[in-house]
Protein chains: 2
Amino acid sequence: MARELQVTPKDTRPLTLRDVSEASGVSEMTVSRVLRNRGDVSAATREKVLRAAKTLGYVPNKIAGALASQRVNLVAVIIPSMSNLVFPEVMTGINRVLEQTELQPVVGLTDYLPEKEEKVLFEMLSWRPSGVIIAGLEHSDASRAMLRTAGIPVVEIMDTDGTPIDTMVGISHRRAGREMGRAILAAGHRRIGFLGTGLGLDHRARKRFEGFTEALAKGGVEVADQEFYSGGSALAKGREMTMAMMARSPDLDFLYYSNDLIGAGGLLWMIEQGYDIPDKVGMAGFNGVRLLQGLPRKLATIDSCREEIGRRAAQIVADRLTGDTKDGPKVELTPTIAFGDTLKQP
Amino acid sequence: MARELQVTPKDTRPLTLRDVSEASGVSEMTVSRVLRNRGDVSAATREKVLRAAKTLGYVPNKIAGALASQRVNLVAVIIPSMSNLVFPEVMTGINRVLEQTELQPVVGLTDYLPEKEEKVLFEMLSWRPSGVIIAGLEHSDASRAMLRTAGIPVVEIMDTDGTPIDTMVGISHRRAGREMGRAILAAGHRRIGFLGTGLGLDHRARKRFEGFTEALAKGGVEVADQEFYSGGSALAKGREMTMAMMARSPDLDFLYYSNDLIGAGGLLWMIEQGYDIPDKVGMAGFNGVRLLQGLPRKLATIDSCREEIGRRAAQIVADRLTGDTKDGPKVELTPTIAFGDTLKQP
DNA sequence: ATGAAAGCGCTAACAG
DNA sequence: CTGTTAGCGCTTTCAT
């Protein structure tokens, strides 16, 4: 049987600038200039180079470029999770701004674990990014040290209740909790249940809860019952927790959830059960997620300004790299309560 | 006024191996060996180096390391979007596997746009990743060329209706659509409405729809009405579209949604309206998202095996890099229908 | 067990 | 407008 025509033994070595240089008969340096639109190059050579690069299928090696130029157009974005619904929206905001620049976001996930944050941060910094956007103000000493000595802009996001390493953009969760507490009292509720995530590692949820109880305390009210969860489908958990709590404490007249998703699950169950909302029992969540728009009734909530936080943070990094220093070290956004159909407006 | 004590003029230059070398009195080469746990180094020097590195706060420069070693432990993951709920779960699967290796995922988003996919792919390949995991089988010629010549493992995910460049892992969306079509006919429905995303750029939604209509055609049935959307809160859109469709075609006895989220929105509305489900009107979605667990009734759906797809894809890349070639070029997972409470079981 | 020399592929800086 | 010369910070390879 005749041997098939030998396919060119694909020399898998990636192409280099030199290959383009040889193919086009132009020096490596000029090729480099063309490919980066830098300096003046005659239209003729420019054409030659571009054609050679395209026909060869040349893909530049950013590793080498970054090492030589000492510049890396990457912004490290360090967030707890992608399945939180909150962070994809922050990313959207970041992208919207970075898209207009040379910068590219690179995401690292921490799963809300400080040790993992430290590890991820170390990994990311070893790529020498041009800036860091990191969720939260609470970090290990080692993490803080790395961020301080990295010599690049650092923006801590989501939260402004604390002191930033460099810059922070977010909302005051303590204040958000306080405002919701006040609004609930103003609506006349006194027997209030809290349903939320375990407050261990989620500092922002904890701060909201602290602000909340503080506001209630000023009105002489204490949280009457509480229920915590972790893991699982938030909607289903909200349903279960609500069921459990109403069975245990049937006299509650308000349910405050630490996030909209469990709140939505609870709301669906309460509607099914025929509770008179918000007259007999009021309800509220936190975040202002769009999902709420699709529910039979709108859950009261406070917008957490996720996309704007992303945009502002990215803008700060971008500005800093071009030398601008518009914003101060603290950018606090002010979210407003959406009363929806589950909390009486004063 | 006396001048404050001059703070050490922070020499912002990042530390290099050389700094650690000088601080520890050990050659750069040996420092490098210690930091990578490579080769034999005496426990004593090892200690010295480690201590010096830690106290200085040295963070290695992966840019330089990658250039020198010609190895980059990055896997490019290219997906359409993070707000689709499907892709974060794929990422979870990918992470779960890569976590056990030296490899790190880096995500690029395409927004379902081929031109953007091409751009993102080019960007990512210029970092010389060790492998690529990319959603879908449809790519521009240029993208396909880049992937082919990159000389690294390429895994196309989600879909198996087509020919892979290298390897593919997913489900047959055409078959999923067909099976749902058959199940609906088997349950006795004949007046069927379809509600979905515009079928333009989402090839997998299109394939499902094609399989679906094909199955119906075999039973002599055609889609009686259809409604498309794009953008906005999927839950709210599902509600609106369902409302519109039932107003226009009140005689429908089944609503088939191209994804679970709009299906959930529709289901909530149908329940509110008091429709007799599934006896008078049946409903089904697609994806098997966990969110459905929290609804008053469970929507019928087909699981899209997202996390497993991620796991298998990552495993293939990891295996390839260590020389293994366990799987063939096609890994097709077989999802099963979940009838839930909205589709009668045969 | 440790060190010296030679690049990895590209770009800054300077010549022409 | 184009080319030449040195590195960027690390790892490979080869001595010792």
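Here is how names work: the chains are called A, B, and so on, in the same order as the sequence lines, proteins then strands, and each is numbered from 1.
Phosphate contact (OP1/OP2 of C/dC10, side-chain N/O of A/Ser32, threshold under 4.0 Å): absent. Regarding contacts with the backbone of C/dG3, a side-chain N or O of B/Ser27 is found under 4.0 angstrom from either OP1 or OP2. Side-chain nitrogen and oxygen atoms of A/Arg38 include none within less than 4.0 Å of the OP1 or OP2 phosphate oxygen of D/dT2. Taking side-chain N and O atoms only, A/Thr30 has a distance below 4.0 Å to OP1 or OP2 of D/dG3. The phosphate of C/dA12 (OP1 or OP2) has a side-chain N or O of A/Arg71 nearer than 4.0 angstrom.
At a threshold of 4.0 angstrom between heavy atoms, the contacts of A/Arg46 with the nucleic acid are absent. Counting any heavy atom pair closer than 4.0 Å across all strands shown, B/Arg128 reaches no nucleic acid atom.
The side chain of A/Ala68 approaches C/dG9 more closely than any other nucleotide in the set C/dA1, D/dC10, C/dG9. For B/Leu67, the listed nucleotide lying nearest its side chain is D/dG9; candidates were C/dC10, D/dT11, D/dG9. Picking from C/dG9, C/dG3, D/dC1 the nucleotide with the shortest atom distance to the side chain of A/Asp40 gives D/dC1. The listed nucleotides are C/dC10, D/dC10, D/dG9; the one nearest the side chain of B/Tyr58 is D/dC10. For B/Leu17, the listed nucleotide lying nearest its side chain is D/dC10; candidates were D/dT12, D/dC10, C/dC10. Of the candidates C/dA12, C/dC8, C/dT2, the closest approach to any side-chain atom of B/Thr45 belongs to C/dT2. Closest to the A/Ser42 side chain, of the nucleotides C/dG9, D/dT2, C/dG3, is D/dT2.
Evaluation of atom-type donor-acceptor distances gives a pair under 3.5 Å for the side chain of B/Arg33 against the base of C/dG3.
Taking atom CD of residue B/Glu28 and atom P of nucleotide C/dG7, one finds them 17 Å apart after rounding to whole Å. Rounded to whole angstrom, the span from the CG atom of B/Asn73 across to the P atom of D/dT11 amounts to 12 Å.
A distance of 8.5 Å separates CG in A/Leu103 from CG in A/Leu74, rounded to the nearest 0.5 Å. Rounding to the nearest 0.5 Å places OG1 of B/Thr167 at 12.5 Å from CD1 of B/Ile157.
The closest donor-acceptor contact from the side chain of B/Thr55 to the backbone of B/Arg51 lies under 3.5 Å.
Looking only at side-chain heavy atoms (C-beta outward), A/Arg312 and A/Asp327 come within less than 4.5 Å of each other.
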Checking A/Arg46 against A/Ser42 for the side-chain hydrogen bond (donor to acceptor under 3.5 Å, both in side chains) test, could you report, in this order, the C-alpha distance in whole Å, the side-chain angles of both residues, the deciding distance, and whether it holds?
CA-CA 6 Å; A/Arg46 184 184 173 67; A/Ser42 76; over 6 Å; no
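Judged by closest nucleotide on DNA chain C, B/Gln70 is the one of B/Gln70 and A/Met29 placed further toward the 5' end.
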